[in-house]
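Ligands are counted one by one from 1 in listed order, and the atoms in each one are counted from 1 as well. This structure is a prediction, so every number in the text was calculated from the model and none was measured.
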Amino acid sequence: MIRFVTATLFAASACRADGGGALPEVARPAPATASLRIREDSLIPRDPVGAAIRRGRAILAATADSLPANVGNALRCTSCHLRDGTTTDAAPWVGVYSRFPQYRSRNAKVNQIQDRINDCFQRSLNGKALAWDSPDMAAIVAYLAFLSRGVAPPGDVPGQGFRKMEPLRPDTAHGRLVYAGQCARCHGGDGQGMTNPDPTGSPRYYPPVFGPRSFNVGAGMARLRTAASFVRFNMPFDRPGTITDQDAFDVAGYLVTRPRPDFVGKEHDWPKGDPPPDVAYSTPAGPAKAPR
Ligand code: HEC
Ligand code: HEC
């Protein structure tokens with residue numbers, strides 16, 4: 001009843017789709033030990049909770065169509081939480097419901113899962129918080145709880161969040177070349193995104209990675225280490241795991257220094273003065289430094 005998905009499976013299928021030998025010879029990710037337990041749709045109950053679970057999953061994959069007033073850019077939740085939040089090393093939602101309430105240093109408070117969801121609405125989707133008591137919030141929480149139920153007590157799963165990497169100094173000028181060579185074919189020369197030119201292709205849409213329709217400067221993905229790890233293990237979408245650690249940091253360095261929407265109030269982040277070293281803006285700890 002429970003499907004096991006490993007990062008190696010994704011890598012292997014990417015190689016097959018590519019014809020195998022055409023891949024550049026670069027270091028591959030360490031063999032994945034991560035394996036997520038994905039609960040099958042047959043476990044979704046046939047009752048109002050089940051209807052909410054399905055509605056929640058639909059909102060997360062078609063966020064702007066479902067909630068136009070809450071989305072301020074051209075991304076959807078699953079632009080980063082890949083494949084409905086079931087992908088290792090892409091901040092999977094499997095187990096996430098059991099990881100809240102949780103203390104977060106960014107606001108120095110105990111956060112509930114609704115706070116975390118709204119953080120991504122306001123920063124990653126550059127939009128507006130969803131009312132806690134709305135049926136749509138209940139639906140999103142119902143889907144995250146469904147993915148989490150029974151799979152990972154007390155909540156930590158392998159492949160959770162983003163994979164830790166040894167931080168490298170980014171060469172942003174080289175990152176620009178990596179972007180032009182490996183990313184622009186899907187995300188566009190100006191980072192603006194595009195519709196998949198293959199009408200039968202999936203996904204149908206490649207989201208903007210910088211510029212006015214992308215995530216804002218306060219988003220987690222606007223941090224060097226987060227972007228580098230996401231890109232290293234998930235991009236290019238059709239050949240994940242084929243770029244080097246250094247190229248991932250270089251292209252991440254390029255992405256996080258491109259223009260993107262501002263986030264009003266970011267100067268209050270990490271009020272206890274403990275920002276991570278890859279935050280690019282001023283906080284109560286002091287003025288902005290080059291992210292590292
Ligand atoms: C631009 C990329 C991006 C988009 C789009 C995005 N997120 Fe996130 N999300 C992140 C990052 C980065 C994190 C932090 C993960 C970490 O550091 O472990 C995160 C974390 C989360 C978490 C906590 C995960 C955990 O393991 O603790 C939840 C829940 C979440 N996001 C929900 C959403 C929802 C709901 C949406 C749509 C409204 C959304 N996200 C859109 C990047 C994104
Ligand atoms: C084959 C097309 C393709 C290529 C090439 C590609 N991506 Fe992506 N990328 C995608 C798709 C598709 C998504 C969103 C997945 C979804 O919506 O299901 C995405 C999502 C992203 C995101 C998170 C969402 C956002 O818009 O910010 C970032 C960041 C990103 N890609 C960076 C890169 C970088 C850097 C490269 C080059 C190393 C790259 N991508 C190459 C297709 C591609």
Which ligand 2 atoms, with their elements, are less than 4.0 angstrom from a heavy-atom of Q182? 5 (C), 37 (C), 41 (C)
When you compare ligand 1 with R76, is there at least one nitrogen or oxygen pair between them that comes in under 3.5 angstrom? no
Between M235 and ligand 2, is there a nitrogen or oxygen pair with a distance under 3.5 Å? no
Between F230 and ligand 2, which residue portion shows a heavy-atom distance shorter than 4.0 Å: side chain, backbone, both, or neither? side chain
So which of C120, A129, G161 gets nearest to atom 33 (C) of ligand 1, if we judge by its closest heavy atom? C120
Is the positively charged end of R39 above the ring of F146, judged by distance under 6.0 angstrom from the centroid and angle within 45° of the axis? yes
Side-chain donor or acceptor of R204 paired with backbone N/O of D198 under 3.5 Å: yes
Determine whether the side chains of N126 and N73 contain a donor N or O and an acceptor N or O closer than 3.5 Å. no
State whether a side-chain donor-acceptor pair under 3.5 Å links N118 with Q114. no
Between Y281 and D269, do the side chains contain a donor N or O and an acceptor N or O under 3.5 Å apart? yes
Shortest protein contact, atom 24 (C) of ligand 1 (heavy atom only): V96 CG2, 3.7 Å
C80: numbered ligand 2 atoms lying under 4.0 Å from its heavy atoms: 23 (C), 24 (C)
Hydrophobic cluster identity match, Y206 and V178, side-chain contacts under 4.5 Å: no
Close-contact set for ligand 2 against V231 heavy atoms, below 4.0 Å: 35 (C), 38 (C)
Check whether Y143 forms a cation-pi arrangement with R54 (NZ or CZ under 6.0 Å from the six-membered ring centre, at most 45° off the ring normal). no
Measure from atom 14 (C) of ligand 2 to every heavy atom in A90, S214, S79, A252 and give the option owning the shortest one. S79
Are any of the N/O atoms in H187 less than 3.5 Å from those in ligand 2? yes
So which bit of P203 gets within less than 4.0 Å of ligand 2, heavy atoms only: side chain, backbone, both or neither? side chain
Closer than 4.0 Å to some heavy atom of T78 - which atoms of ligand 2 meet that? 16 (C), 17 (O), 18 (O)
Just wondering, is there an N, O or S atom on H81 that's nearer than 2.8 Å to atom 8 (Fe) of ligand 1? yes
Tell me which one of F100, F162, Y97 gets a heavy atom nearest to atom 16 (C) of ligand 1. F162
Heavy-atom distance to atom 20 (C) of ligand 1: which of R106, R116, R99, M221 wins? R116
Any chain of hydrophobic side-chain contacts (each under 4.5 Å) joining L125 to W132? no
Only heavy atoms of D238, strictly under 4.0 Å: list the atoms of ligand 2 that pass. 1 (C)
Heavy-atom distances under 4.0 Å decide this one: backbone, side chain, both or neither, for A227 against ligand 2? neither
Using a 6.0 Å distance limit plus a 45 degree cone around the ring axis, check whether R163 lies over the aromatic ring of F233. yes
